[in-house]
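Shown next, in structure tokens, is the structure this report addresses.
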Amino acid sequence: MNPANADLHCHSTTSDGLLAPAALVERALANGVDLLALTDHDEIGGIDEAAAAAQAQGLRFVTGVEISVSWGDDQTVHIVGLNLDHRHPELVAGLARVRSGRDSRAGLMAEELAKVGIDGAYEGALKYVGNPALISRSHFARYIVERGFAPDVKTVFDYWLAKGKPGYVSHSWAELPEAVDWIRTAGGIAVIAHPCRYRLTPAERRELYRAFKDCGGEGIEVVSGSSNEAEIREIAGIAREFGFLASRASDFHGPGESYIDLGRMVQLPADLKPVWADWQ
Ligand code: AMP
Ligand code: MN
Ligand code: MN
Ligand code: MN
């Protein structure tokens with residue numbers, strides 16, 4: 001496969017995106033994307049709708065998912081799985097387990113937020129959730145903006161929802177090897193999502209790449225929606241050093257809420273092997 005404009009990471013209303021899967025496909029086409037993956041958090045429920053819309057509109061589409069993983073000392077990292085059998089029972093069961101703690105975590109988050117004067121956050125966040133099992137910090141952020149406590153979701157994260165802030169509740173997600181296993185068992189390629197967004201020291205970062213590689217991880221997002229030039233150079237170097245396939249990914253969540261729109265990222269450095277190189 002040799003797409004001119006691949007975008008292999010975005011979110012629909014099935015997780016914390018603002019557009020339904022079919023609307024996302026339409027927007028991708030309008031933006032000139034010619035290969036799209038839908039990668040909702042811990043859930044594959046939007047894929048059939050997206051795949052049908054993509055087929056009807058003539059857009060190449062691959063299946064995907066973004067799995068929440070606990071790493072090291074209470075860090076969360078995200079592993080994207082691409083081009084997999086989204087009905088594979090092991091993947092489906094694994095994702096169900098990862099989702100299962102979200103509701104109780106949301107209750108705890110709401111209690112913490114109430115203590116700092118933001119009441120009704122659980123019910124408020126739920127209004128923004130398509131699928132209650134997928135209640136996430138993004139939905140809380142939208143409610144807090146609605147209440148006028150902050151001008152936008154980014155500010156909400158800075159003040160209330162990022163690690164160390166009052167509404168942050170730590171949580172056990174999947175382990176790295178099991179997430180990579182579910183993806184590989186389902187026939188897919190595991191990719192480290194937005195590697196520059198984790199608050200890790202350089203040594204911890206390398207430990208993550210090494211552990212990921214050791215358990216069968218194959219790819220990394222060299223170009224992510226939030227990457228700047230220096231970050232792209234850094235991660236391209238990591239891809240060369242560790243022999244990772246390179247992915248290109250907007251991480252689009254919705255108009256007005258994302259770093260970049262679908263398909264609007266720079267191209268991958270030409271010497272890297274893209275994740276899609278061997279796809280039919
Ligand atoms: P959760 O899976 O519930 O922990 O929520 C994580 C989601 O919150 C991510 O997938 C992003 O969509 C969003 N998010 C995390 N950090 C930020 C941030 N600093 N600004 C805006 N959105 C963020
Ligand atoms: Mn998200
Ligand atoms: Mn992510
Ligand atoms: Mn994402």
Side-chain angles (χ1 to χ4, degrees), residues 1-67 78 80-87 95 125-136 138-139 141-142 145-146 152-154 186 188-189 191 193-194 219 221-227 246-268 274-276 279-280:
M1 224 181 246
N2 189 20
N5 189 353
D7 190 341
L8 299 180
H9 184 156
C10 65
H11 298 272
S12 75
T13 45
T14 300
S15 63
D16 61 350
L18 294 171
L19 301 179
L24 209 52
V25 165
E26 223 169 276
R27 190 178 183 96
L29 265 174
N31 282 6
V33 171
D34 59 359
L35 176 66
L36 181 74
L38 174 64
T39 56
D40 277 309
H41 296 286
D42 308 320
E43 173 62 279
I44 45 70
I47 287 180
D48 288 341
E49 180 186 326
Q55 193 174 19
Q57 298 178 48
L59 173 64
R60 277 186 297 189
F61 178 81
V62 292
T63 53
V65 67
E66 181 176 19
I67 305 181
H78 285 170
V80 161
L82 294 174
N83 205 12
L84 38 73
D85 169 11
H86 63 293
R87 296 199 184 85
L95 296 178
L126 267 186
K127 288 191 301 184
Y128 291 91
V129 177
N131 168 3
L134 257 300
I135 187 166
S136 82
S138 303
H139 304 112
R142 289 172 195 151
V145 170
E146 172 203 314
D152 53 46
V153 299
K154 190 182 174 315
I189 290 184
V191 176
H194 42 68
E221 288 181 354
V222 173
V223 170
S224 166
S226 57
S227 347
S247 190
R248 182 171 182 261
S250 65
D251 200 5
F252 179 73
H253 281 70
E257 235 185 67
S258 288
Y259 294 98
I260 205 167
D261 210 324
L262 291 163
R264 294 282 154 80
M265 308 74 75
V266 300
Q267 294 294 341
L268 292 174
V275 276
W276 55 78
W279 293 349
Q280 297 306 308

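We count residues from 1, following the sequence as given.
- Between Leu19 and Pro255 there is a side-chain heavy-atom pair separated by less than 4.5 Å.
- The side chain to side chain contact (heavy atoms under 4.5 Å, CB included) test applied to Ala249 returns His9, Glu221, not counting sequence neighbours.
- Nearest heavy-atom pair, Ile260 versus Gly225, reported as atom, atom and distance to 0.1 Å: CG2-CA, 3.5 Å.
- When the salt bridge (charged side-chain N to carboxylate O under 4.0 Å, His left out) test is applied to Glu146, the partners found at least two apart in sequence or on another chain are Lys127.
- For the atom pair Leu268 CG and Trp276 CH2, the distance stands at 4.5 Å (nearest 0.5 Å).
- A search for side-chain hydrogen bond (donor to acceptor under 3.5 Å, both in side chains) contacts involving Ser136 returns His139, not counting sequence neighbours.
- Annotation for Ser247 and Val191: closest pair CB-CG1, 4.0 Å, computed over non-hydrogen atoms.
- Taking every heavy atom of both residues into account, Gly64 and Ile44 meet most closely at O-CG2, 4.1 Å.
- Sequence neighbours left out, the pairs with a member in residues 253-263 that pass side-chain hydrogen bond (donor to acceptor under 3.5 Å, both in side chains) are Asp16-His253, Arg27-Asp261, Asn31-Asp261, Arg142-Glu257.
- Side-chain contact check for Asn83 versus Ile189: every heavy-atom pair is 4.5 Å or farther apart.
- Evaluation of the ring pair (Phe, Tyr, Trp, His ring centres under 6.0 Å) rule for His78 yields His41, His194 as partners, not counting sequence neighbours.
- With sequence neighbours left out, the salt bridge (charged side-chain N to carboxylate O under 4.0 Å, His left out) criterion links Arg264 to no other residue.
- Shortest non-hydrogen contact noted between Ala50 and Leu38 is CB-CD2, 4.0 Å.
- Looking at Glu43, its side chain does come within 3.5 Å of a backbone N or O of Gly45 through a donor-acceptor pair.
- By the side chain to side chain contact (heavy atoms under 4.5 Å, CB included) test, Ala133 is found to be paired with Arg99, Asn131, residues two or more places apart in sequence or in another chain being considered.
- Partners of Ser15 according to the side-chain hydrogen bond (donor to acceptor under 3.5 Å, both in side chains) rule, which considers only residues two or more places apart in sequence or in another chain, are His11, Asp40.
- Judged as a salt bridge (charged side-chain N to carboxylate O under 4.0 Å, His left out), and not counting sequence neighbours, the contacts of Asp251 are Arg197.
- For the atom pair CG (Leu82) and CH2 (Trp279), the distance works out to 4.5 Å, reported to the nearest 0.5 Å.
- At a threshold of 4.5 Å between non-hydrogen side-chain atoms, the residues Asp42 and Ile67 count as touching.
- With contacts defined as side-chain heavy-atom distances shorter than 4.5 Å, the pair Leu134/Thr14 does not qualify.
- Residues passing the side-chain hydrogen bond (donor to acceptor under 3.5 Å, both in side chains) test with Thr13, sequence neighbours excluded: none.
- For Asp48, the salt bridge (charged side-chain N to carboxylate O under 4.0 Å, His left out) partners at least two apart in sequence or on another chain are Arg87.
- Judged as a side-chain hydrogen bond (donor to acceptor under 3.5 Å, both in side chains), and not counting sequence neighbours, Arg60 has no contacts.
- Looking only at distances, no side-chain donor or acceptor of Thr39 sits under 3.5 Å from a matching main-chain atom of Glu66.
- The shortest heavy-atom contact between Pro132 and Gly130 is CD-O, 3.8 Å.
- Contact between Leu59 and Val33 at its shortest, heavy atoms only, is CD1-O, 3.1 Å.
- Side-chain atoms of Asp7 come within 3.5 Å of backbone N or O of Ser250 as a donor-acceptor pair.
- At least one donor-acceptor pair closer than 3.5 Å links the side chain of Asp34 to the backbone N or O of Asn5.
- One finds the CG atom of Leu8 at 7.5 Å from the CG atom of Leu36 (value rounded to the nearest 0.5 Å).
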